[in-house]
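Accompanying notes for the structure given below.
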Amino acid sequence: MDNIQKQFLDDIAAAVTSDQIEQVRVKYLGRKGIITLFAKNADFSKMTVDEKKEFGVKLNELKNLATQKLQDSQQMSNVSETVGKSAELDLTLPGNARSLGALHPITMVQMELETVFEGMGFRVLYGHECETEFYNFEALNIPADHPARDMQDTFWLTNGRILRTHTSASQVRSLHRFGAPIRAIFPGRCFRYEAIDPSHENTFYQCEGLVVDKDISVANLIAVMKTILSEVFKRNVAVRLRPGFFPFVEPGFELDLQCLFCGGKGCPTCGDGWIELIPCGLIHPKVLEAGNINPGEYSGFAFGVGLTRLAMMKFGIRDIRHFNSGDIRFNEQFGVIL
Ligand code: DAH
């Protein structure tokens, strides 16, 4: 038995691969293996009872040892085979970089506007996405039967509130809270019951602005608009006003931006050289009254910048549906990583 053990230990030490180890197992513990046959052929008739006992104990020890060694070797060979395979990895390949994400283009434009307006003494207020009918419509001189309501159909909540259709809803809210004089902007998300297409979304962003003070005129409005647009587009811009109707301003305007692509000559993007950009006007006396401000004492202007629209123009995005697509690759193109 000592000889067999010695021979076995030599063999198992020499076996490296899984196949070689299996061969050793068959050679010793297989049906016709050395240890198996040795046990089978042992001649017990010549042994005393004590010898038989000793023989049995030693044989068991040998079998256990062999079984254990085979198992250990097999395990070792599995490990080294795995390591061997992984050594075939090409370590010069680039790793899997984790994306850090990027600011959404609307966030970028919003932050830029906030900075410019803050520099001009405006406070930034975020208002309520879920609004009362009063602030969204009535306070803005849009009574229940006014046709303007149809243009801004929205989502009604079961508690009677609505998802705001425009950031103008924050105008009277802010007058109630802070009174006059006030300069504020209200950037944020708005909602309309709208069929989605390349230029319409049911969820989009606006930035409302409001100034109420003594002797505020259209000249102030134009000056402020020109300043912020020049900052956003990083150059001097020309603007023009056309009459426009909104129930909460009087007079109301459409402020057009001279086309940045053609310089006002006319091109496929603008048509006649002007791009309709910011509806605005002098705040209607009824709106001031709804905000508990005396229109005899104070006047003001208001404007509504389409933030989504502005981001589309600034970055040349042609389809509004990209904004809410949830596709990180869209954001990453605009580059600013936090
Ligand atoms: N609230 C309007 C809209 O969403 C935009 C607007 C028009 C805002 C005129 C204003 C304004 O402040 O003076 O269509």
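On a predicted model such as this, the values are computed, not experimentally measured, just so you know. First listed ligand is number 1; within each ligand, the first listed atom is number 1.
Evaluation of the ring-ring contact (aromatic ring centres under 6.0 Å, His included) test over residues 28-81, restricted to residues two or more places apart or in two chains, returns Phe8-Tyr28, Phe38-Phe55, Phe44-Phe55.
Between Lys69 and Asp10 there is no salt bridge, since no side-chain nitrogen of the basic residue lies less than 4.0 Å from a carboxylate oxygen of the acidic one. Under the 4.0 Å criterion applied to side-chain N and carboxylate O atoms, Arg329 and Glu332 are not assigned as salt-bridge partners.
In this structure Asp2 satisfies the side-chain hydrogen bond (donor to acceptor under 3.5 Å, both in side chains) test together with Lys58, sequence neighbours excluded.
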Scan the side chains in residues 301-324 for donor-acceptor partners under 3.5 Å anywhere in the protein, sequence neighbours excluded, and list what turns up.
from: Thr308; atom 1: OG1; to: Tyr205; atom 2: N; distance (Å): 2.9
from: Arg309; atom 1: NH1; to: Glu276; atom 2: O; distance (Å): 2.9
from: Arg309; atom 1: NH2; to: Glu276; atom 2: O; distance (Å): 3.1
from: Lys314; atom 1: NZ; to: Glu112; atom 2: OE1; distance (Å): 3.4
from: Lys314; atom 1: NZ; to: Val232; atom 2: O; distance (Å): 3.0
from: Asp319; atom 1: OD1; to: Arg321; atom 2: N; distance (Å): 2.9
from: Asp319; atom 1: OD1; to: Arg321; atom 2: NE; distance (Å): 3.0
from: Asp319; atom 1: OD2; to: Arg321; atom 2: NE; distance (Å): 3.3
from: Asp319; atom 1: OD2; to: Arg321; atom 2: NH2; distance (Å): 2.8
from: Asn324; atom 1: ND2; to: Glu201; atom 2: OE1; distance (Å): 3.4
from: Asn324; atom 1: ND2; to: Glu201; atom 2: OE2; distance (Å): 3.1
from: Asn324; atom 1: ND2; to: Thr203; atom 2: O; distance (Å): 3.3

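A distance limit of 4.0 angstrom between heavy atoms and ligand 1 selects the residues Gln152, His166, Ser168, Gln171, Arg192, Gln206, Glu208, Phe246, Phe248, Val249, Pro279, Cys280, Gly281, Ala302, Phe303, Gly304.
Cation-pi geometry between Lys214 and Tyr298 is met: under 6.0 angstrom from the ring centre, within 45 degrees of the axis.
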